[in-house]
Amino acid sequence: MSTQAFNGAYLRPLFHTVEQARGEGAYRQLPAPQPSSSLAVDDAPLGPYAIAHLVRNSHTAGLAHADALRRLTVAGEVDPISPWTLLRGALENFSTGLWLLDGAGRDERRHRALSLWDEDMRNRHQHEQDTGHQPSDAGKSGAQRRADIKDIADRLGLPPLTRPGTHQILLAAAPSAGLTAVKVGAVWRAASGFAHGRYWPNLRASQPYAALLADNGIHTLALVIDEDQHRPLAHYCHRMLRRLQEHYTARARAH
């Protein structure tokens with residue numbers, strides 16, 4: 001854990017917004033779209049594979065990641081890695097929600113949602129194969145659900161479904177939140193490096209406070225979080241979260 005005083009003042013706006021979404025035992029979900037809203041019209045032919053389901057789930061998952069960092073900070077248990085990995089999860093979820101809502105037209109928004117659902121069910125199919133799980137009773141397998149999703153896309157005359165890439169989603173969503181795509185992508189790359197145990201982000205985005213000499217004569221650096229490097233990630237998360245909430249509310253209201 002950090003041996004230097006952790007200020008973390010830059011996290012307060014994000015934490016305040018997260019705390020507003022905390023309910024009794026759960027996070028308050030975004031409301032279901034009103035029947036005559038733009039989002040409800042988007043979702044009408046998608047059946048159980050609605051855009052709103054994905055957006056609401058991404059919103060809640062992002063809140064959970066950011067709130068986990070809030071709890072670590074309150075407990076004084078801030079290490080040089082977890083703040084990066086937790087806000088990486090938050091940023092990916094908030095940007096995914098924005099990306100789903102921000103398609104240029106109804107067909108594009110439906111295509112994005114069905115592509116993400118298809119990827120979701122592809123992962124489910126892989127898990128079912130790995131574990132030997134078979135849905136009970138009338139439940140459908142991941143493979144069967146992928147077939148249903150493709151049928152919906154074909155019926156709507158949409159292009160072939162694609163596998164959405166996280167980096168591409170981030171770059172596409174950033175402008176909607178008033179952010180520069182390449183800067184968001186750069187800080188996400190550093191966060192991903194920490195998440196995957198890469199060496200380079202320790203040198204680029206941490207601060208050394210001691211060099212420990214091992215028996216073999218090699219020095220090992222002891223590191224703490226570099227708040228100046230982490231600050232943009234917190235800012236981007238907060239901007240994405242606020243924009244996601246505003247955009248969803250506008251799209252889910254009756255017109």
Where do [X] and [Y] come nearest, in terms of heavy atoms and distance?
| X | Y | answer |
| --- | --- | --- |
| Ala113 | Ile51 | CB-CG1, 3.4 Å |
| Trp99 | Ala172 | CD1-CB, 3.8 Å |
| Met240 | Phe94 | CB-CB, 3.7 Å |
| Ser58 | Gly97 | CB-N, 4.2 Å |
| Glu119 | Pro164 | CB-CD, 4.2 Å |
| Leu11 | Ala234 | CD2-CB, 3.6 Å |

Examine the side chains of [X] and [Y] and answer whether a donor and an acceptor come within less than 3.5 Å of each other.
| X | Y | answer |
| --- | --- | --- |
| Gln229 | Trp84 | no |
| Ser38 | Arg251 | yes |
| Arg56 | Gln29 | yes |
| Thr17 | Arg242 | no |

For the pair [X] (side chain) and [Y] (backbone), establish whether a donor and an acceptor sit closer than 3.5 Å, ignoring hydrogens and angles.
| X | Y | value |
| --- | --- | --- |
| Arg112 | Leu100 | no |
| Thr180 | Lys183 | no |
| Tyr248 | Pro31 | yes |
| His238 | Pro13 | yes |
| His111 | Pro160 | yes |
| Asp226 | Asp228 | yes |
| Ser37 | Gln34 | yes |
| His133 | Gln129 | no |
| His230 | Pro83 | yes |
| Asp118 | Leu114 | no |

Within this structure, what is the [atom1]-[atom2] distance for the pair [X] and [Y], rounded to the nearest 0.5 Å?
| X | Y | atom1 | atom2 | value |
| --- | --- | --- | --- | --- |
| Thr166 | Leu91 | OG1 | CG | 10.5 Å |
| Leu116 | Asn57 | CG | CG | 10.0 Å |
| Arg106 | Asp43 | CZ | CG | 9.5 Å |
| Leu101 | Leu244 | CG | CG | 6.5 Å |
| Arg124 | Met121 | CZ | CE | 5.5 Å |
| Ser95 | Trp188 | OG | CH2 | 9.5 Å |

Exercise. Passes side chain to side chain donor-acceptor pair (under 3.5 Å), Ser82 versus Asp79? Steps please.
Worked result: CA-CA 6 Å; Ser82 298; Asp79 60 76; 2.8 Å; yes

- Query: How far apart are the C-alpha atoms of Leu86 and Leu72, what are their side-chain angles, what is the distance that settles it, and do they pass the side chain to side chain contact (heavy atoms under 4.5 Å, CB included) test?
  - Reply: CA-CA 10 Å; Leu86 289 170; Leu72 279 177; 3.8 Å; yes

Q. Does the side chain to side chain contact (heavy atoms under 4.5 Å, CB included) test come out yes or no for Leu87 and Leu14, once each step is laid out?
A. CA-CA 10 Å; Leu87 289 195; Leu14 173 62; 3.8 Å; yes

Non-hydrogen side-chain atoms of [X] and [Y] separated by less than 4.5 Å:
| X | Y | value |
| --- | --- | --- |
| Cys237 | Leu233 | yes |
| His125 | Arg145 | no |
| Arg110 | Pro45 | yes |
| Arg239 | Arg243 | no |

| message | Checking Glu128 against Gln134 for the side chain to side chain contact (heavy atoms under 4.5 Å, CB included) test, could you report, in this order, the C-alpha distance in whole Å, the side-chain angles of both residues, the deciding distance, and whether it holds? | response | CA-CA 7 Å; Glu128 288 169 343; Gln134 293 292 329; over 6 Å; no

Would you say [atom1] of [X] has more than 12 non-hydrogen atoms from neighbouring residues, nucleotides or ligands within 6.0 angstrom?
| X | atom1 | answer |
| --- | --- | --- |
| Arg204 | CZ | no |
| His167 | NE2 | yes |
| Arg231 | CZ | yes |

N/O donor-acceptor pairs under 3.5 Å from side chains in residues 148-158, not counting sequence neighbours:
from, atom 1, to, atom 2, distance (Å)
Asp148, OD2, Lys140, NZ, 2.5
Lys150, NZ, Asp154, OD2, 2.8

task = Sorted by first residue and then second, give each ring-ring contact (aromatic ring centres under 6.0 Å, His included) pair with at least one member in residues 136-160; sequence neighbours left out.
result =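 Found none.
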
Residue pairs involving residues 13-63 (criterion ring-ring contact (aromatic ring centres under 6.0 Å, His included); sequence neighbours excluded):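 Qualifying pairs, neighbours excluded: Tyr49-Trp117.
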
_Please say yes or no: joined through hydrophobic side-chain contacts below 4.5 Å, possibly via intermediate residues, are Leu179 and Leu171 part of one cluster?_
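No, Leu179 and Leu171 fall in different hydrophobic clusters.
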
| field | Partner of Ser192 by side chain to side chain donor-acceptor pair (under 3.5 Å), out of Arg88, Glu92, Arg198 | value |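 For Ser192, the side chain to side chain donor-acceptor pair (under 3.5 Å) test succeeds with only one of Arg88, Glu92, Arg198, which is Arg88.
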
Would you check, one step at a time, whether the test side chain to side chain contact (heavy atoms under 4.5 Å, CB included) holds for Leu69 with Val18? CA-CA 11 Å; Leu69 178 56; Val18 170; over 6 Å; no

Are Asp67 and Arg22 close enough for a salt bridge, meaning some N to O gap below 4.0 Å?
->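 Salt bridge present between Asp67 and Arg22.
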
